[in-house]
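In what follows, chains are A, B, ... by sequence order, proteins preceding strands, each numbered from 1.
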Protein chains: 4
Amino acid sequence: MDSAAGKAAPRKRADARRNEQTLLDAAAAAFLASGVDVPVRDIAAQAGVGVGTIYRHFPTRADLVVAVYRHQVEACAEAGPALLASGGSPHAALARWIDLFVDFLVTKHGLAEALQSDDAAFQSLHAYFLNRLVPVCARLLETAAAAGEVRPEVHAYELMRGVGNLCIGAGRDPRYDARRLVGLLIEGLRPTREE
Amino acid sequence: MDSAAGKAAPRKRADARRNEQTLLDAAAAAFLASGVDVPVRDIAAQAGVGVGTIYRHFPTRADLVVAVYRHQVEACAEAGPALLASGGSPHAALARWIDLFVDFLVTKHGLAEALQSDDAAFQSLHAYFLNRLVPVCARLLETAAAAGEVRPEVHAYELMRGVGNLCIGAGRDPRYDARRLVGLLIEGLRPTREE
Amino acid sequence: MDSAAGKAAPRKRADARRNEQTLLDAAAAAFLASGVDVPVRDIAAQAGVGVGTIYRHFPTRADLVVAVYRHQVEACAEAGPALLASGGSPHAALARWIDLFVDFLVTKHGLAEALQSDDAAFQSLHAYFLNRLVPVCARLLETAAAAGEVRPEVHAYELMRGVGNLCIGAGRDPRYDARRLVGLLIEGLRPTREE
Amino acid sequence: MDSAAGKAAPRKRADARRNEQTLLDAAAAAFLASGVDVPVRDIAAQAGVGVGTIYRHFPTRADLVVAVYRHQVEACAEAGPALLASGGSPHAALARWIDLFVDFLVTKHGLAEALQSDDAAFQSLHAYFLNRLVPVCARLLETAAAAGEVRPEVHAYELMRGVGNLCIGAGRDPRYDARRLVGLLIEGLRPTREE
DNA sequence: AATGAATGAGAGTTCATTCAT
DNA sequence: CATGAATGAACTCTCATTCAT
């Protein structure tokens, strides 16, 4: 499209590009510092631009969040098939993939909360995550289920929301290790053996 | 005292009591209808009193939430020893107790969220729950661990926060069954058997 | 108490009353100075109160405008029947009533504009004026038409809007005498005599 | 149309012309659709140019409005002497001329409002209309006054503003017939006959 | 000469909390 | 003691206008 090494961009996109990058960097910093609910003004100030600029580039807050984290989400999505193909047991692949997902969530202050929120501003964020990652997770689950390594009754959506929930507030409290609990949850997915 | 015909008598105690009860009822109703984040004004309106009255009785929102749910929290706390004494396996006792806790959380719109929030207004709510229920849970965990039925590395605080997190948003989405996930988490607590 | 002239108002309304009056005075002043579109904040500042106070008393801008001018609108409405009963010709009564209406409009900076605006914020203002004054005007027109002193094809609504329109911008420009034009319009209402 | 192959030729003049015409067409369309207050951006989008281009060609909104309607204003201006010369009574000539003016105003959504507004952006529009049309109207009025067919005390400026005002909002409300009221106003210009 | 990205003032609105009555 | 009016900070969103490319 933008062709090969991508050059076709019409003239002065270079500037806008750079500016957008500045915006994304500032937003990322602001999200880290104050969570994804940080006031738009703060991000603008951080970036040294006017609020209008942010609204131009990202009409809704969710658009901004998506843009900030798109690469990492993509990476997470692509890791699913790779892990399945890498030769370990399906349950192990699932566990590792979930681990990547947790990595992502726990390092993003407030992202897990936003994913659960039914706030209108985050509906598109919600949709983006679901559309991109649920199928990946579903594939992992199905494979593991087919191999008899996880119970069949849990669906990808439910599992991901559960993991997302477990990550809420992680990192704010040393007594709470989200990753450990997620590990237990994944362990609990195994079919019960007879006593 | 305030019975009979008494008017000038020191009737205030009874009056205040009744008033406080009205408040608690109204708050309970408002919490159910709109979650624990419901505007203070709405609760006041529901109770037919001024907002000032609420602030007088319950300086912080958390105080109000605590008061509303104190009975149920108490019941939950007392159920712990009872379950342990009732003869089942320690793991089963733990599972049943967690179930009670989930019952409580999922029927209280927004309570799970409030428990995780680090909002200053909820700090006392936080403390109350922790002080009352963590020891109970810890006792159950220890007993089960001593019997070799759960891994020893999980602490009560962590487990309860995990369960609380899993309950966030429960009931708002038919595709998400918090109780099932909690069940998996509890199942995951069991020590790994050799393959 | 608030007894005396007997006014069942419950207790401390006295204060709120006074405050509301302050608000109305400030709003009237602000309307005069900057028109009825003056920002809510400015009115609040003028009155020395917070913006919230204005929203509490008058949820919409139109409510405020109505309140400010209600007395004068009432007076105008009541003058209609009085003029009819006062013995002059019906056309003269109509002319004098329109004059009162013009008095009102031209002394209120921007009110005439607001009456024409289809801005949602003014819909209730619109309705108030129409409901109150159109019937009064209609009565005057009918009487004059029955006496053969005005053409029958003009309706009260149309006439009032026409007069309102003529008053737009009156007082801002010494070369424009709205009252004279209104006079011509009313004169033009007379049936044509044969040449 | 970009014609032949010419690229480096001194095409700018033609280019600029065409561009300006595109702008005027787009503005006319936008004015019709949303009134003369339509956001500058919308016009630019309609024309397929940047907002800067509009500002370059027409520094103020009024300049744009003037340009869009210049032809019709010219036509209106030229019709005055023609009507006077066409042999009818001076009052009839005035009436017909006013009719042309109304034609113009009522077909231009929001133009009448803009003419009255004291918004700085419309000062030049104001001036243009006045400079061009007031003398024409004055001539018609004087002629009719000299013939004893209209009262002498009304000035052209006043009359035109009155007519303009009566046209505000015309077409938006079926109960309001601006043309009828204008007709009454013009009729009211006749000197009073003795009773 | 054209572009459209950036600016930033300003409007409306909400609600936790205080305090005079 | 109860009341609820008042406060005002905080937030979102919209454009007219400027200016670097």
- Message: Taking salt bridge (charged side-chain N to carboxylate O under 4.0 Å, His left out) as the definition, give me every residue that meets it alongside Arg70(C), ordered by chain and number, with sequence neighbours left out.
- Response: none
- If you fit an axis to the five pairs at each end of the helix from dA2(E)-dT21(F) to dT21(E)-dA2(F), how big is the angle between those two axes, to 10 degrees? 10°
- Is the distance from OP1 or OP2 of dA6(E) to the nearest side-chain N or O of Asn19(A) less than 4.0 Å? yes
- Item | Arg56(C) side chain near dG4(F) phosphate (N/O to OP1/OP2, under 4.0 Å) | no
- Any chance you could measure Tyr55(B), atom OH, to Thr60(B), atom OG1, to the nearest 0.5 Å? 9.5 Å
- Query: Within less than 4.0 Å of OP1 or OP2 of dA1(E), is there a side-chain N or O belonging to His57(D)?
  - Reply: no
- Set of side chain to side chain contact (heavy atoms under 4.5 Å, CB included) partners for Arg56(B), sequence neighbours left out: none
- Message: Using whole Å, what does the distance between atom P of nucleotide dA2(E) and atom CD of Glu20(D) come to?
- Response: 10 Å
- Task: Sequence neighbours left out, what pairs pass side-chain hydrogen bond (donor to acceptor under 3.5 Å, both in side chains) with at least one residue falling in residues 22-46 of chain D?
- Result: Gln21(D)-Asp25(D)
- Query: Separation of Leu64(B) atom CG from dA16(E) atom P, in whole Å?
  - Reply: 13 Å
- Item | Any Arg61(A) side-chain nitrogen or oxygen under 4.0 Å from OP1 or OP2 of dT12(F) | yes
- Message: Using whole Å, what does the distance between atom P of nucleotide dT17(F) and atom CG of Asp63(D) come to?
- Response: 12 Å
- Considering only dA9(F), dC1(F), dT17(F), which nucleotide approaches the side chain of Val51(D) most closely? dT17(F)
- Message: For Val36(A), is there any backbone N or O sitting under 3.5 Å from a side-chain donor or acceptor partner on Arg61(A)?
- Response: yes
- Query: For DNA chain F, what residues of residues 37-50 of chain B have any heavy atom nearer than 4.0 Å?
  - Reply: Arg41(B), Val49(B), Gly50(B)
Side-chain donor/acceptor pairs under 3.5 Å, residues 121-130 of chain D, sequence neighbours excluded:
| residue | atom | partner | partner atom | Å |
| --- | --- | --- | --- | --- |
| Ser124(D) | OG | Asp63(D) | OD1 | 3.0 |
| His126(D) | ND1 | Leu115(D) | O | 2.9 |
| Tyr128(D) | OH | Glu74(D) | OE1 | 3.4 |

- Message: Just the rounded figure in Å: distance from P of dT18(F) to CD1 of Ile54(D).
- Response: 15 Å
- Sequence neighbours left out, what passes side chain to side chain contact (heavy atoms under 4.5 Å, CB included) with Ala67(D)? Give chain and number order. Leu24(D), Phe58(D)
- Task: Answer yes or no: does a side-chain N or O of Thr53(A) lie under 4.0 Å from OP1 or OP2 of dT7(E)?
- Result: yes
- Message: Rounded to whole Å, please give me the gap between OH in Tyr55(A) and P in dT14(F).
- Response: 8 Å
- Considering heavy-atom distances to DNA chain E, does Gly52(A) or Pro59(C) have its closest nucleotide positioned more toward the 5' end? Gly52(A)
- Note on the structure: Applying side chain to side chain contact (heavy atoms under 4.5 Å, CB included) to Ala112(A) and not counting sequence neighbours gives Cys167(A), Ile168(A)
- Task: Just jot down the side chain to side chain contact (heavy atoms under 4.5 Å, CB included) partners of His57(A), sequence neighbours excluded, or say none.
- Result: Glu20(A), Leu23(A), Thr53(A)
